[in-house]
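Below: one structure, written as structure tokens.
All heavy atoms count here, side chains included; hydrogens, waters and symmetry mates do not. Chain A is the first sequence line, chain B the second, and so forth, proteins listed ahead of strands; every chain is numbered from 1.
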There are 2 protein chains.
Amino acid sequence: MKPRLSDIARIAGVSKATASRALANSPLVKEETKRRVLEVAKQYNYQPNALAQAVATKRSGILGFCMHKSQHPYFGHSFFGPMLDGAIEEARRHNYHILVAPADPANTTFDEHFIQDSIDGVILATFTPMEPIQEFRRRNIPLVLVNDAVPTPNNAFIVQDEYGGARAVMRHLIEERGHRKIAFISDRLSHLSYYLRYLAYLDAHREYGLEIYNNPKIKLGNVWGNFPRPDRQKLEMLGQKVREIEGTPIIIEGNDSSQARDAVYPILMATDDKDLPTAIFAATDSLALGTIEAIWEAGLEVPQDIAVAGFDDLPMSAAFTPPLTTVHANPFEMGQAAVQELLKLIANPQRESAIRWVDTHLVVRKST
Amino acid sequence: MKPRLSDIARIAGVSKATASRALANSPLVKEETKRRVLEVAKQYNYQPNALAQAVATKRSGILGFCMHKSQHPYFGHSFFGPMLDGAIEEARRHNYHILVAPADPANTTFDEHFIQDSIDGVILATFTPMEPIQEFRRRNIPLVLVNDAVPTPNNAFIVQDEYGGARAVMRHLIEERGHRKIAFISDRLSHLSYYLRYLAYLDAHREYGLEIYNNPKIKLGNVWGNFPRPDRQKLEMLGQKVREIEGTPIIIEGNDSSQARDAVYPILMATDDKDLPTAIFAATDSLALGTIEAIWEAGLEVPQDIAVAGFDDLPMSAAFTPPLTTVHANPFEMGQAAVQELLKLIANPQRESAIRWVDTHLVVRKST
DNA sequence: ACCGGCAATGCAACCGGTTGCATTAATTTC
DNA sequence: GAAATTAATGCAACCGGTTGCATTGCCGGT
């Protein structure tokens, strides 16, 4: 039978209380007594029962990592996977554990059962954050939101530098590659991330005094999808404003390469040479992949005829043909950051809410 | 303040014991009393404290899912990600939770701290299973091994049908595409999975009376890598035997596409036309990708000059150019199966060890 | 009227720890 | 040398549940 604290205490000839304190290295216990207790503990290979400790201390040492079943076949796992890795690693460093919970976007209840008293804090890592947020707040559970920032006090937010990364792409295309007609293709702009990338696309044009790509053959799709427009307050928290749509971005419903191909190909075919863009900035690598296929099928070359840049730097993007120029995201670091912020929040629940930026950087490969 | 069981009991006018039983729907409690208690519970939004329950019942409802930080950039997360999803989904269905723990291959201790009493069972999902297995056995923790089967009583093993999948590839190449000179490229054969794929490659040759591809230009690499040879007992459990290496498989150290390219290209260049294979069976999609690149660079076409088939069916494989013929693995289902077997093992710890096969199937695309 | 049996409930111990406070032992102060 | 202070330990309550067993009340049988 596994030894219990009471066993250790008895054998070491002290009370349960003293044994407990000795193991916790409390200054109340005489050094010699500590040694004795520790020795007995080691000898009998005593391991405290974490659950009992948790109920006694009201601190489980478990963090909830809540994510959707990965929506996108290769993006989903490539992004949230490393993020989870990062969270696990950082959690372990601080003797915390990660419990993964599915967030059902339909059913916004996050695993009611377990969460109540058993979790010290929660990381919500999704791309379409539902709003069980209020639920967490009501229950006073420290919460970190990844990829989103809502005007809620006392939470922390982890966001990657979408805008900066996209600006770097544009700078590269314009300054280093001399492009002046750059098209933009994206999943629904109602996603905060994509919208920020789009804003960078717009601002770059302003910065360099270029006209925004406007192709009469493109009829603007459903820019916002079925989602509400990006929230003004959220954008302000991220240092941005809501803006009108300019030019003719190609909007896909979903971060899906074959849809991108199907959308881009007919445009290329229907467009006069003078209306063709010389570069296409895809809001995600996945869309970039579809875009490249479409260009090939139209009998054109990447990057000679049309350059393509993406965003995310999926692990496979370096193996594309041609290897993709893109913005390197760092989900692993986001996971670490999320845990760090969460632990701060747990340590000091009155801490005011903070936005933690995670850097992105341009990776130039062969597609531009 | 959150209501406790004692609060509910008091308000409903019963004892803690009765309240507890009422909530557990025990037949000992009168229907009317149950109703009253449940009503009060609902009214006050009572949620039992899972940790307290866990310590009282000695059953935490938490399963450990133990995996390496995903080794391979695109394979790792694409495979273990869905597996984790499957485990989570199945666990949730049975009101269990998944705690993910990193398995440090170097340091074989699996999160000593938490595991002791707090976890009902463990799933070990790695490709190079370390042997903290003994540790789990000593502690009587039910254990499920994924992708491996060791001759240990009272555990369960989840393995996908590597052999069958690989046979299907060979059948396709030989019967439907008429290939007679088929090369094989693989990561180290000391990995059980790859070895089984190789055995299928050999057996198919025997079945169809073909000569195994033997290219004088290929010098056999380090077939076993730094790992021990596949274990005889393990193989027997999986219905196979240790066999001699036949032909000249191309062996890479690592499941890495660029290494595959670097290995295949010089062989193609150095080989007379008559020695060229007409098809290459790559033991993984990742290697298939590198192989295809090498073929292109050698100025040949896929599949016209050389057909290529892979194994794994990564989400991205359908987006290769050309889309890859491969064997569809089902990590999601493996995750589900792992949880199912684990729960059986928890319910009946004396259950004898079982191997659970997860199907694979051929997906024919354009590369063959 | 008495007893046995059963359904419903409550008491109190238990799971395995932690911690406030009282108690004792050891040391200092006057 | 007694009183006051401090260091070390133990007692017992507590965290929030579950469960074995005793108790109560009600019923039918004789």
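- With hydrogens and angles disregarded, a donor-acceptor distance shorter than 3.5 Å links the side chain of A/D120 to the backbone of A/G61.
- Here the C1' atom of nucleotide C/dC15 and the CG atom of A/L51 are 11 Å apart, to the nearest Å.
- Shown here are the salt bridge (Lys or Arg N to Asp or Glu O under 4.0 Å) partners of B/R351, two or more places apart in sequence or in another chain: B/E341.
- Under the side-chain hydrogen bond (donor to acceptor under 3.5 Å, both in side chains) criterion, A/Q336 pairs with no residue at all, not counting sequence neighbours.
- Residues passing the side chain to side chain contact (heavy atoms under 4.5 Å, CB included) test with B/A149 are B/F157, B/M237, B/L238, B/I355, sequence neighbours excluded.
- In this structure, A/V55 reaches the bases: a heavy-atom distance under 4.0 Å links it to at least one base atom across the strands shown.
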Pairs under 3.5 angstrom, nitrogen or oxygen only, protein versus nucleotides 18-24 of chain C, please.
unit_1: C/dT18; atom_1: OP1; unit_2: A/Q53; atom_2: OE1; d: 3.1
unit_1: C/dT18; atom_1: OP2; unit_2: A/S20; atom_2: OG; d: 2.4
unit_1: C/dG20; atom_1: O6; unit_2: A/R21; atom_2: NH2; d: 2.7

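- Looking at residues two or more places apart in sequence or on another chain, you find no side-chain hydrogen bond (donor to acceptor under 3.5 Å, both in side chains) involving A/S20.
- In this structure B/R10 satisfies the side-chain hydrogen bond (donor to acceptor under 3.5 Å, both in side chains) test together with B/D7, sequence neighbours excluded.
- Shown for residues 31-38 of chain A: no residue has heavy atoms falling under 4.0 angstrom of DNA chain C.
- Under the ring-ring contact (aromatic ring centres under 6.0 Å, His included) criterion, A/F79 pairs with A/F75, A/F127, sequence neighbours left out.
- Applying the salt bridge (Lys or Arg N to Asp or Glu O under 4.0 Å) test to A/E31 and every residue at least two apart in sequence or in another chain returns A/K34.
- When the P atom of D/dC15 is taken as reference, atom CD of B/Q47 falls 20 Å away, rounded to whole Å.
- Which of C/dC15, D/dG17, C/dG10 sits closest to the side chain of B/K58 comes down to C/dC15.
- Under the rule for a salt bridge (Lys or Arg N to Asp or Glu O under 4.0 Å), A/R59 has no partner lying at least two apart in sequence or in another chain.
- The pair B/R35-B/E32 fails the salt-bridge criterion, with no side-chain N (NZ, NE, NH1 or NH2) lying under 4.0 Å from an Asp/Glu carboxylate O.
- Legend: residues meeting side-chain hydrogen bond (donor to acceptor under 3.5 Å, both in side chains) with A/R36, ordered by chain and number and at least two apart, are absent.
- Note on the helix from C/dA1-D/dT30 to C/dC30-D/dG1: terminal axis deviation equals 60°, with five pairs used at each end and the result rounded to 10°.
- If you measure from atom NZ of A/K2 to atom C1' of C/dC15, you get 13 Å, rounded to the nearest angstrom.
- Distance A/K30 NZ to D/dG10 P: 11 Å, rounded to the nearest Å.
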